[in-house]
Amino acid sequence: MSELVFDTVSVRYGSRRRALTAVHGASLTLPSGQVVGLVGESGSGKSTLARAAVGLAPLTAGRILLDGADARRPRGRHRPVQMVFQDPYASLDPRMSVGASVAEALPRGTKGPERRAEVARLLEQVDLDPGRAALLPSQLSGGQRQRVAVARALAGRPRVVIADEITSALDVSVQGTVLNLVRDVQRRLDLTMLFISHDLAVVRYVSDHIAVMHLGRIVEAGPTDEVLTDPRHPYTRELLAAVPRRGRTGQDDGTPAVPDTLAATEPADPHHPPPGCPYHPRCPAGPLVLAGRDACRTEDPAEDAATRPHRAACHFAAPTAPARPQPPRP
Ligand code: ADP
Ligand code: MG
């Protein structure tokens, strides 16, 4: 069992006029041994939520629990939650051989031949030739460096791995291989995983569940196929519409085209989020487009999100699929 729970987590940076609530009351469960994909545009608070789990971002409110215990203050020598970042240099010292970088992350007390064997085993686990352990990160390709970063995270014997945009800096040609590797390792080691990307096409490829983040809030969450085929939040539908048609699950999912009046709307300023539903100035089903939706300007839909399907933070989280026509009565 390795379940990670974010319980109404808020993270606030700075103070007074410069203050910014980067994560606002986010609740999310990572079931043991499963991959939860976290998607949302840049600046929506994905990295902040992830960093809070390992103590790299301040926790202003809420709790983050690993099997019921504070995940930010692990007991013992192990750090059970490990992160892999977009830039492998964030975790690899450019002057250290890749073998030494991996060895450094092994539990203390792993010595001599056991240490070398562990490094070789970890490099093999990420499909790297252990013979390359003496190389520097700069002597590897971007994809290989990211594999080393994964091996280093695994060296800490984590129960939960958080992968934050780990393929975003890679060539498209190697993204798929790294994704397959990560998914493979996750299954083999039965890891619990939070997989973060701004790209829904990437997230849905590896995730059992999807959570959608917008302006510091999780606005929709559910099993991947349910969220993809029956998105309840207009922002999820916006993200889905941005995924190239090829390979989409539904042919025509009824997503309305974004009206011109909204297309030019700037993303909201996180220092001054709009009142009510923070998505309303951009929403193609909101008060700027449809009559009778004034609640969106004043009432925060996050408050009763738990009562709606996919915990959608939308006052009008109705199903998108058109109602099935009733068969004619005999
Ligand atoms: P994402 O990973 O979704 O792109 P981030 O979590 O990096 O989003 O950022 C969320 C918001 O918090 C952004 O507005 C960003 O500018 C701000 N932010 C992130 N880190 C800090 C920090 N250390 N200090 C102040 N503001 C920050
Ligand atoms: Mg980020």
Side-chain angles (χ1 to χ4, degrees), residues 4 6 8-28 30 35-62 64 71-72 81-91 142 146 149-150 153 160-170 175 178-179 182 193-204 206-207 209-221 227 233 235-236 238-240 242-243 265-275 277-279 281-282 302 313:
L4 188 70
F6 294 85
T8 48
V9 167
S10 291
V11 176
R12 200 172 157 85
Y13 290 122
S15 59
R16 278 182 255 155
R17 279 184 54 214
R18 295 306 306 156
L20 170 113
T21 302
V23 173
H24 187 101
S27 292
L28 182 66
L30 276 53
V35 183
V36 175
L38 183 62
V39 66
E41 66 203 12
S42 170
S44 54
K46 306 180 299 297
S47 294
T48 299
L49 185 68
R51 297 169 73 91
V54 290
L56 290 174
L59 194 62
T60 314
I64 305 174
R72 291 162 56 92
V81 184
Q82 293 280 342
M83 270 188 87
V84 184
F85 299 92
Q86 171 171 348
D87 172 13
Y89 282 118
S91 50
Q146 201 54 297
V150 172
V160 180
V161 170
I162 301 180
D164 189 1
E165 304 272 9
I166 59 166
T167 60
S168 302
L170 300 179
Q175 281 182 5
V178 172
L179 286 180
V182 163
M193 187 164 209
L194 183 63
F195 186 92
I196 301 175
S197 174
H198 64 282
D199 186 346
L200 183 56
V202 170
V203 164
R204 69 175 184 192
V206 294
S207 307
H209 303 263
I210 287 182
V212 180
M213 207 160 176
H214 176 260
L215 260 180
R217 293 142 185 265
I218 293 178
V219 297
E220 175 160 9
V227 171
H233 197 286
Y235 179 59
T236 310
E238 182 186 324
L239 291 177
L240 267 171
V243 173
T265 317
E266 302 255 315
D269 172 5
H271 289 277
H272 306 283
C277 170
Y279 185 64
R282 255 171 76 180

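When a ligand or atom number is given, it counts from 1 through the structure's own listing order. Computed from heavy atoms alone, side chains included, the values below leave out hydrogens, waters and symmetry copies. Just so it is clear, the structure is predicted and the values come from calculations on it, not from any experiment.
Note that CZ of Arg217 is 13.0 Å distant from OG of Ser44, once rounded to the nearest 0.5 Å.
Only one option out of Ile218, Leu240, Leu200, Leu239 pairs with Val212 in a side-chain contact (heavy atoms from CB on, under 4.5 Å); it is Leu239.
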query = What's the verdict on side-chain contact (heavy atoms from CB on, under 4.5 Å) for Val84 and Ile162, showing C-alpha distance, side-chain angles and the deciding distance?
reply = CA-CA 6 Å; Val84 184; Ile162 301 180; over 6 Å; no
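Using cut-offs of 30° and 60° for the angle between ring planes, the His214 and Tyr235 rings count as tilted.
Side-chain contact annotation: Thr48 with Tyr13, donor-acceptor N/O pair under 3.5 Å present.
At distances below 3.5 Å, not a single donor-acceptor pair connects side-chain atoms of Thr21 with backbone N or O atoms of Val23. No donor-acceptor distance shorter than 3.5 angstrom exists from the side chain of His209 to the backbone of Val35, with no hydrogens or angles considered. Panel note: side chain Ser10, backbone Thr60; no donor-acceptor pair is recorded below 3.5 Å. Here the side chain of Gln86 pairs no donor or acceptor atom with the backbone of Ile166 at under 3.5 angstrom.
For ligand 1, the protein residues within 4.0 angstrom (heavy atoms only) are Tyr13, Leu20, Ala22, Glu41, Ser42, Gly43, Ser44, Gly45, Lys46, Ser47, Thr48, Pro270.
Atoms of the protein (N, O or S only) found under 2.8 Å from the Mg ion (ligand 2) are Ser47 OG.
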